[in-house]
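These numbers come from a predicted model, not from an experiment. Letters A, B, ... mirror the listed sequences (proteins, then strands); counts begin at 1. Reckoned from all heavy atoms, side chains included, excluding hydrogens, waters and symmetry mates.
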Amino acid sequence: MSVAIRSPAEYLRLYFLIEGQYIKARLHYRADFMISSVGMLFSSLATLGVFAVLFSTIDELAGWSFMEMVFIYAFYMVAISPMQILFDQFWFLRFDVRQGTFLKYYFRPLNMMFYYVSERFDLKGLTQLVLGVGLLVYSSLRLELGWTPGRLAILFVTLLSASLVQISLVVAAACSAFWFINSWPVLSLAWKMREFAPYPMTIFSGLMRITFTYILPIGFVAFFPSQLFLRPETVSGVVWAAPFVGIGLFAVTYLVWSRGVDAYTGTGS
Amino acid sequence: MSLIHIEDLSKHFRVLNRREGLGGAFRDLFSRDYRTVRAVDGVSFDIEPGEIVGYIGPNGAGKSTTIKMMTGILKPTGGTLLVNEKAPYDNRIHQAMVMGVIFGQRTQLWWDLPVIESFRILKEIYKVDRRTYDEHMAMFDELVGLSALYPRQVRTLSLGQRMLCDITASFLHNPRVVFLDEPTIGLDVSIKAKIRSVIEELNRTRDTTIILTTHDLGDVEALCRRIIIIDEGKILYDGGIDKVTALFGTYRTLKVQIDESCETKVDAVRASLDRRFGPDRGITVACREAPWTNITIDQDRTPLSDVLTHVMGAFAVSDVRIVEISMENVVRRVYDGALE
Amino acid sequence: MRSYLAVVRGSTMMGMVYRFGFLAATVGNVVYLGVAYYLWKSVYGDATTIRGLTFDQTFLYVALGSTLFIVLKTYVDWNLYSEIREGIVAIYLVRPIDFQLYMLASCTGFFLLSVATLVVPTILLMVFVFQVSIPLSAPLALLPFSLVFAFVLTFCFDYGVGLSGFYTESIWGISTVKDTLVLVLSGALIPLQFFPDTIRDILRWLPFQAVYYTPLSLVTLPDEGWQHVTRFGVQVGWMVVLLAATRVLYGRAVKVLRIAGG
């Protein structure tokens with residue numbers, strides 16, 4: 001095993017340097033940024049729109065009020081933002097692998113995942129983040145949730161682990177590109193699963209509940225963490241596992257990535 | 001201790017034997033049949049600091065596989081491989097600090113950013129101090145006027161400009177060894193010359209070891225003092241370039257199109273040349289690229305003009321081409337024992 | 001006509017190669033159906049009807065809607081966009097083909113294949129697993145036509161979005177807006193009955209619901225009689241309008257291309 005030459009602080013500094021330049025270059029395409037942000041706005045709010053329409057005919061869904069749904073939804077939006085903004089390059093992994101451009105990532109004295117992640121910074125994702133934070137504030141005011149420094153700390157930790165869950169699922173799916181030529185369906189499917197994250201898991205029973213809790217744990221992306229704040233009395237042990245689920249999943253994903261990197265031989269002989 | 005020490009290095013791949021047809025594809029799902037491909041098979045050589053070595057061979061010879069092992073991408077199957085006294089595969093990040101890699105067709109710079117920003121980022125990545133960085137940039141500005149390109153986005157550069165920037169980038173951190181893969185491919189003659197002189201200058205002033213893989217013999221002739229030829233995973237030749245230059249310098253292939261398919265004429269041409277010049281004059285006739293009859297001539301033994309005159313007189317020749325010997329031909333010759 | 005049929009055949013064969021993609025789409029659809037089942041069960045709770053629809057009707061509607069969404073996916077927007085980016089469009093200008101018709105033919109194969117591989121299994125799933133009954137009635141006769149027109153309408157949306165690639169650097173934003181509008185406003189995810197009345201009256205006349213609500217209601221709401229015919233008429237109307245509009249758009253874009261260069 002090689003010893004790292006670079007400390008986490010130095011990695012962070014490098015990251016800011018690269019992304020700073022990248023964002024500066026990207027902002028030249030102003031129209032593109034505007035249109036993309038609008039698109040982002042639309043797509044982020046689609047499912048919320050569906051909920052809003054539903055709630056025009058019903059008062060509560062499985063015991064959850066509309067404002068509580070908004071909170072869960074906002075939590076979801078903030079939680080998937082890191083994946084959206086920071087790990088955007090993974091959408092191109094299958095092309096980089098196929099065309100051999102992936103080789104260049106081996107040659108720098110940098111952790112390869114860091115280098116790969118640093119290639120892209122998705123500005124339009126900021127729209128979703130800002131909107132999510134806004135809705136989180138709004139809904140918690142309407143629900144009269146008291147925020148203490150302690151609760152805020154828990155919020156921060158749960159958001160972080162929720163985003164790790166989302167990142168892990170999508171990145172692992174993207175890594176299938178190392179082994180399969182037609183990896184797009186896997187990635188696309190994993191990404192689609194996020195749509196179910198804002199749904200209250202209490203509506204599910206049996207196989208579906210098990211699937212979303214233990215197999216494809218998107219329950220941990222929004223619903224379970226939100227319960228800590230909305231209905232702390234009803235919280236089961238599963239919810240407290242949240243931070244570990246996030247870290248554990250990411251560890252597995254990193255392992256998958258490492259295997260893929262080892263297995264990759266580039267194109268040609 | 002040499003900079004690169006390779007002893008009995010090998011790399012084997014397990015490749016799936018795909019069965020034919022629909023039934024075969026179905027059987028493949030249940031029982032998989034593998035064969036072992038020996039991409040690199042017992043290779044040994046040492047490279048000292050400051051050498052410029054040409055590493056050549058036909059496609060599929062094992063060149064890229066060896067390079068990938070030296071750069072830490074692939075793990076060797078067997079043997080010893082030490083670069084700067086470390087095993088590349090287990091020390092990727094450390095090795096990367098003292099190594100540079102250039103791919104002919106793919107840039108390693110940041111596509112959307114101005115060129116100068118790529119350099120600044122690399123300065124940070126490789127922890128190059130200010131003075132070294134400034135000296136390096138000044139040197140390149142003097143050599144090729146690089147500062148004119150600083151504000152340009154990499155995506156807007158021509159191939160030649162991009163290659164110059166890639167070279168600047170790869171030498172920025174003063175690596176001990178640089179791997180160049182097809183550095184002049186697709187470039188016009190004047191840029192090629194410029195790039196060769198830059199590489200030579202860098203090697204001269206900094207003693208950087210350079211490993212060059214290329215199909216362009218011009219590159220090899222201009223830069224390399226030593227050549228290693230690999231074919232089918234084994235080293236065929238490892239020595240000075242002079243011997244090999246002699247091999248391909250004087251050989252020419254005379255391609256003639258006689259008004260029938262080359263297969264019928266090959267024997268006739270061979271017999272005719274045999275009668276005219278006698279055997280063992282360094283003339284071989286082959287029909288590998290129909291409709292051309294290829295006559296390869298060792299000009300040290302028989303002048304090409306004589307052969308051409310004879311052939312045109314004896315046969316109805318409709319088209320003629322004269323080409324230098326190809327890499328494949330060089331390797332084949334070495335394989336056939338031309339160097340013994 | 002023969003050349004377009006050849007294109008359809010070609011794209012059908014390409015679709016067969018893409019079977020892994022179909023499998024993934026089917027899996028995703030099954031998961032969605034499971035989620036939808038539980039969601040609507042929760043929404044209904046103890047009520048037998050909401051806004052005049054029973055649970056069975058709503059669930060059938062949603063299930064067919066999501067299947068239809070996959071079946072109608074044309075990818076024309078992104079395909080056209082990448083062809084514009086790579087300058088391949090110039091090649092088409094030289095060929096003696098109608099570009100719009102060619103684009104339509106190229107996604108038809110996929111459509112036919114999707115109908116065969118997804119619609120039938122989904123209906124089987126609904127009938128035998130979820131125990132939903134599908135009423136057979138007169139309006140169903142309009143269904144094949146309505147489906148085809150829905151496909152052509154979707155093509156128009158996607159084609160229009162793809163054409164915007166002549167003017168912008170990336171069509172992601174426009175494509176996403178289109179997808180969202182179609183999904184939410186067409187009644188694909190929720191039957192239009194659930195929308196507040198004022199909004200519903202506006203949506204009735206927009207082309208989005210003509211893609212989903214019109215064909216789907218033929219299956220789930222057999223008793224609506226003349227309303228089906230009106231909706232069918234609106235669907236045809238929008239189809240004609242959008243086909244014409246995108247033709248004009250194409251003409252404009254190509255004119256710019258010819259003058260300004262690729």
Let me know if A:Tyr199 has heavy atoms under 4.5 Å from chain C in its side chain, its backbone, both or neither. side chain

Can you measure from OH (C:Tyr38) to CZ (A:Phe212) and round to the nearest 0.5 angstrom? 10.5 Å

Heavy atoms of other groups near C:Arg51 CZ, more than 12 under 6.0 Å: yes

Heavy atom to heavy atom, less than 4.5 Å: which residues from residues 201-216 of chain C reach chain A? none

Quick one: what part of C:Leu181 sits under 4.5 Å from any heavy atom of chain A, side chain, backbone, both or neither? side chain

Given a strict heavy-atom distance threshold of 4.5 Å, which part of A:Phe180 is in contact with chain C: side chain, backbone, both, or neither? neither

For atom CZ of C:Arg252, is the number of surrounding heavy atoms from other residues, nucleotides or ligands below 6.0 Å larger than 12? no

Shortest non-hydrogen contact from C:Val177 toward A:Gly39: CG2-CA, 3.7 Å

Let me check something: any side-chain donor-acceptor pairs from residues 40-66 of chain A under 3.5 Å, sequence neighbours excluded? List them with distances.
{"unit_1": "A:Ser43", "atom_1": "OG", "unit_2": "A:Met40", "atom_2": "O", "d": "3.4"}
{"unit_1": "A:Ser44", "atom_1": "OG", "unit_2": "A:Met40", "atom_2": "O", "d": "2.4"}
{"unit_1": "A:Ser44", "atom_1": "OG", "unit_2": "A:Gln128", "atom_2": "OE1", "d": "3.4"}
{"unit_1": "A:Ser56", "atom_1": "OG", "unit_2": "A:Val53", "atom_2": "O", "d": "2.6"}
{"unit_1": "A:Ser56", "atom_1": "OG", "unit_2": "C:Phe194", "atom_2": "O", "d": "3.3"}
{"unit_1": "A:Thr57", "atom_1": "OG1", "unit_2": "A:Leu54", "atom_2": "O", "d": "2.9"}
{"unit_1": "A:Trp64", "atom_1": "NE1", "unit_2": "A:Thr202", "atom_2": "OG1", "d": "3.1"}
{"unit_1": "A:Ser65", "atom_1": "OG", "unit_2": "A:Glu68", "atom_2": "N", "d": "3.3"}
{"unit_1": "A:Ser65", "atom_1": "OG", "unit_2": "A:Glu68", "atom_2": "OE1", "d": "3.4"}

Taking all heavy atoms of C:Ala24 and all of A:Leu189, pick out the closest pair and write down the distance. O-CD1, 3.4 Å

Measuring heavy-atom distances to chain A, does C:Val35 have an atom under 4.5 Å in its side chain, in its backbone, in both, or in neither? both

Would you find more than 12 non-hydrogen atoms of other residues, nucleotides or ligands less than 6.0 Å from A:Ile181 atom CD1? no

Taking atom CZ of A:Phe33 and atom OG of C:Ser170, what is their separation to the nearest 0.5 Å? 13.0 Å

From C:Thr176 OG1 over to A:Lys124 NZ, what is the distance, rounded to the nearest 0.5 angstrom? 7.5 Å

Do you know which of A:Ser188, A:Ser36, A:Ala31, A:Ser205 has the most heavy-atom pairs with chain C at a distance under 4.5 angstrom? A:Ser205

Spacing of CH2 belonging to C:Trp172 relative to CG belonging to A:Asp32, to within rounding of 0.5 Å: 10.5 Å

Contacting moiety of C:Ile174, where chain A heavy atoms sit under 4.5 Å: both

Let me know if C:Leu183 has heavy atoms under 4.5 Å from chain A in its side chain, its backbone, both or neither. neither

4.5 Å side-chain heavy-atom contact, A:Met208 and C:Tyr37: no

Sort C:Thr180 into side chain, backbone, both or neither according to what part of it lies under 4.5 angstrom from a heavy atom of chain A. side chain

